[in-house]
Trainee: 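One structure follows; several queries about it will come next.
Order of the sequence lines sets the chain letters (A, B, ...), proteins ahead of strands, with each chain counted from 1.
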Number of protein chains: 2
Amino acid sequence: MNEAVVLTPERILEATEDVLRRFGLAKATVVDVARALDVSHGSVYRHFPSKASLRDAVAKRWLDRANEPLCKLAASDGPAPERLEKWLRTMFAIKQKKVCDDPEMFATYLALAQEAREVVEAYKDKQVDLVAKILSDGVAQGVFEIENVKATARAVFDATVRYHHPAHAEEWAKPECPSRIDALISLLLKGLRACKQ
Amino acid sequence: MNEAVVLTPERILEATEDVLRRFGLAKATVVDVARALDVSHGSVYRHFPSKASLRDAVAKRWLDRANEPLCKLAASDGPAPERLEKWLRTMFAIKQKKVCDDPEMFATYLALAQEAREVVEAYKDKQVDLVAKILSDGVAQGVFEIENVKATARAVFDATVRYHHPAHAEEWAKPECPSRIDALISLLLKGLRACKQ
DNA sequence: GCGCTGACAGATTTCAATATCTGTCAGACA
DNA sequence: TGTCTGACAGATATTGAAATCTGTCAGCGC
């Protein structure tokens, strides 16, 4: 019965995510988090050295959770072009869903992304690695023709920035968006494909 | 000697741009503009119906001026791939130069872009038309293989958003930027090129 | 001893009073 | 007659005092 009462980083993160969702990034305070856990705010500082580190840890958890389906897709097998297309569309869909369902957490993520914090950088690097995995599978399958897989994966990530970077989130709801995504993906796939003679 | 004293939209725009540069978008007021012109602020409202319309008109002038070299490039002749590459690199360079040389005006433009105002939309449409011009030249030359020129031009514009949208301006100074631009451009050009057998 | 509390200093945010700004318009002036 | 002014109402921004927050730490209680 005691373990439910012990103050763990995990419980703090849970509570912080709740508080962020309830009050938003701008209003949430460490005191609020402590209050939600029924402890003093000093105790929170025993587990996280600063408010920023707490915020970052919550963001990391949130990003990792969002990232899970993408990891699975990258690790699966099948023809690389279809897999890449599916991967990109899934990433766009995840982001778009988040911006609708969890706007406060998304605003937190947006703030993080704008501060260009290392949590987000690490997350992006992970994404690029997943793209690179699919691309190298494609090279092995003979369907892609790529000189530098890592750089090309980065280029694919950069080229699609409009549909996954939170700074562009307002545009995602526009009616012309899907067809613009189609055009972009087909241009990128054409650029990756080996020219068969 | 009288014509120098007449209050014209042109003179107001000139003064507004000065005031914006001096005080920044956040601080600049219509009263400041009027003071710079030595007239009452009521007179300014005789030529522009609102502060917003004045701000937009200044932005339009500024954008049009920045756009001039790109129009020339699109209208010139020569092999389309080289021309497209040159066009893109010129656009990136113009933006990057602006962000260094004219930070207050750039902040104004950033604010405009974030408000997604129609001035900026019109400007982007113009840019896409220029890309489309180069692409259709490429098709005529037999070096590009494109189903829908307009949609593809939009896709090229979207794919390069990271290097021309002001929301990403902070990233432009990073040392890895040039090689990422190289990778992106070469991927896009490969996607546009006709596969010769 | 170990984990937690609560008081504290300095930084940051809030809030309400005050000042400034936007946009209008009746009337001065040429 | 047509252009410009300056006073005005309502909206917005600034300011500084008070409240709250962040991060620390000596000490309490288990």
Side-chain angles (χ1 to χ4, degrees), chain A residues 1-60 104 107-108 110-112 114-115 117-119, chain B residues 1-59 104 107-108 110-112 114-115 117 119:
Chain A
M1 72 195 194
N2 200 22
E3 57 259 42
V5 180
V6 173
L7 190 60
T8 59
E10 186 56 29
R11 279 190 67 215
I12 295 175
L13 288 177
E14 207 89 49
T16 306
E17 200 168 322
D18 273 359
V19 168
L20 277 176
R21 227 185 294 277
R22 200 123 37 86
F23 301 127
L25 178 64
K27 300 271 180 187
T29 73
V30 177
V31 174
D32 290 329
V33 174
R35 197 167 15 236
L37 288 163
D38 220 10
V39 297
S40 76
H41 76 280
S43 309
V44 175
Y45 281 98
R46 195 151 287 282
H47 297 274
F48 293 91
S50 67
K51 188 185 182 182
S53 75
L54 181 56
R55 192 197 349 72
D56 288 1
V58 172
K60 183 175 180 334
E104 282 301 353
T108 303
L110 174 60
L112 277 173
Q114 279 175 346
E115 289 173 41
R117 300 200 49 67
E118 55 192 54
V119 180
Chain B
M1 74 197 198
N2 199 24
E3 57 258 42
V5 180
V6 172
L7 191 59
T8 60
E10 187 56 29
R11 278 190 66 214
I12 295 175
L13 289 177
E14 206 90 47
T16 306
E17 201 169 321
D18 272 359
V19 167
L20 277 175
R21 227 186 294 277
R22 201 124 34 88
F23 301 130
L25 179 62
K27 300 271 180 184
T29 72
V30 177
V31 174
D32 291 329
V33 174
R35 195 165 17 235
L37 288 163
D38 219 12
V39 296
S40 74
H41 75 280
S43 309
V44 175
Y45 281 99
R46 194 152 289 282
H47 296 275
F48 294 91
S50 67
K51 188 184 183 182
S53 73
L54 180 56
R55 191 198 348 72
D56 288 2
V58 171
E104 283 302 352
T108 303
L110 173 61
L112 278 173
Q114 278 173 348
E115 288 173 40
R117 301 200 50 67
V119 180

Trainee: From the set D:dC4, C:dC4, C:dT5, return the single nucleotide nearest to any side-chain atom of A:His47.
Mentor: C:dC4

Trainee: Give the rounded distance in Å between these two atoms: CG of A:Leu54 and P of D:dG23.
Mentor: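 Whole-Å distance recorded here is 10 Å.
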
Trainee: Please report the distance, rounded to the nearest Å, between CG in B:Leu7 and P in D:dG2.
Mentor: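 B:Leu7 atom CG is separated from D:dG2 atom P by 18 Å.
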
Trainee: Do A:Arg55 and A:Leu25 have side chains that approach each other closer than 4.5 Å (heavy atoms only, starting at C-beta)?
Mentor: yes

Trainee: Do the side-chain N or O atoms of B:Ser43 get closer than 4.0 angstrom to the phosphate oxygens (OP1, OP2) of D:dT5?
Mentor: yes

Trainee: Could you check whether A:Asp32 and A:Thr29, counting side-chain N and O atoms only, form a donor-acceptor pair closer than 3.5 Å?
Mentor: yes

Trainee: So what does A:Thr29 hit on the nucleic acid, given a heavy-atom distance under 4.0 Å: a base, only sugar-phosphate, or nothing?
Mentor: sugar-phosphate

Trainee: Return no unless some side-chain N or O of B:Lys27 is found under 4.0 Å from OP1 or OP2 of D:dT14.
Mentor: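 B:Lys27 to D:dT14 OP1/OP2: side-chain N or O found under 4.0 Å.
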
Trainee: Could you tell me the separation between the CG atom of B:Asp32 and the P atom of D:dA13, rounded to a whole number of Å?
Mentor: 14 Å

Trainee: Here's a test of your reading of the structure: between A:Arg35 and A:Arg46, which maps to the more 5' nucleotide of DNA chain D?
Mentor: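 Taking each residue's closest nucleotide, the earlier one in sequence belongs to A:Arg35.
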
Trainee: Tell me if the side-chain of B:His41 makes a donor-acceptor pair with the base of C:dG23, cut-off 3.5 Å, by modelled atom types.
Mentor: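 Side chain to base: pair present.
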
Trainee: Measure the NE2-CZ distance between A:His47 and A:Arg11 for me, rounded to the nearest 0.5 Å.
Mentor: 9.5 Å

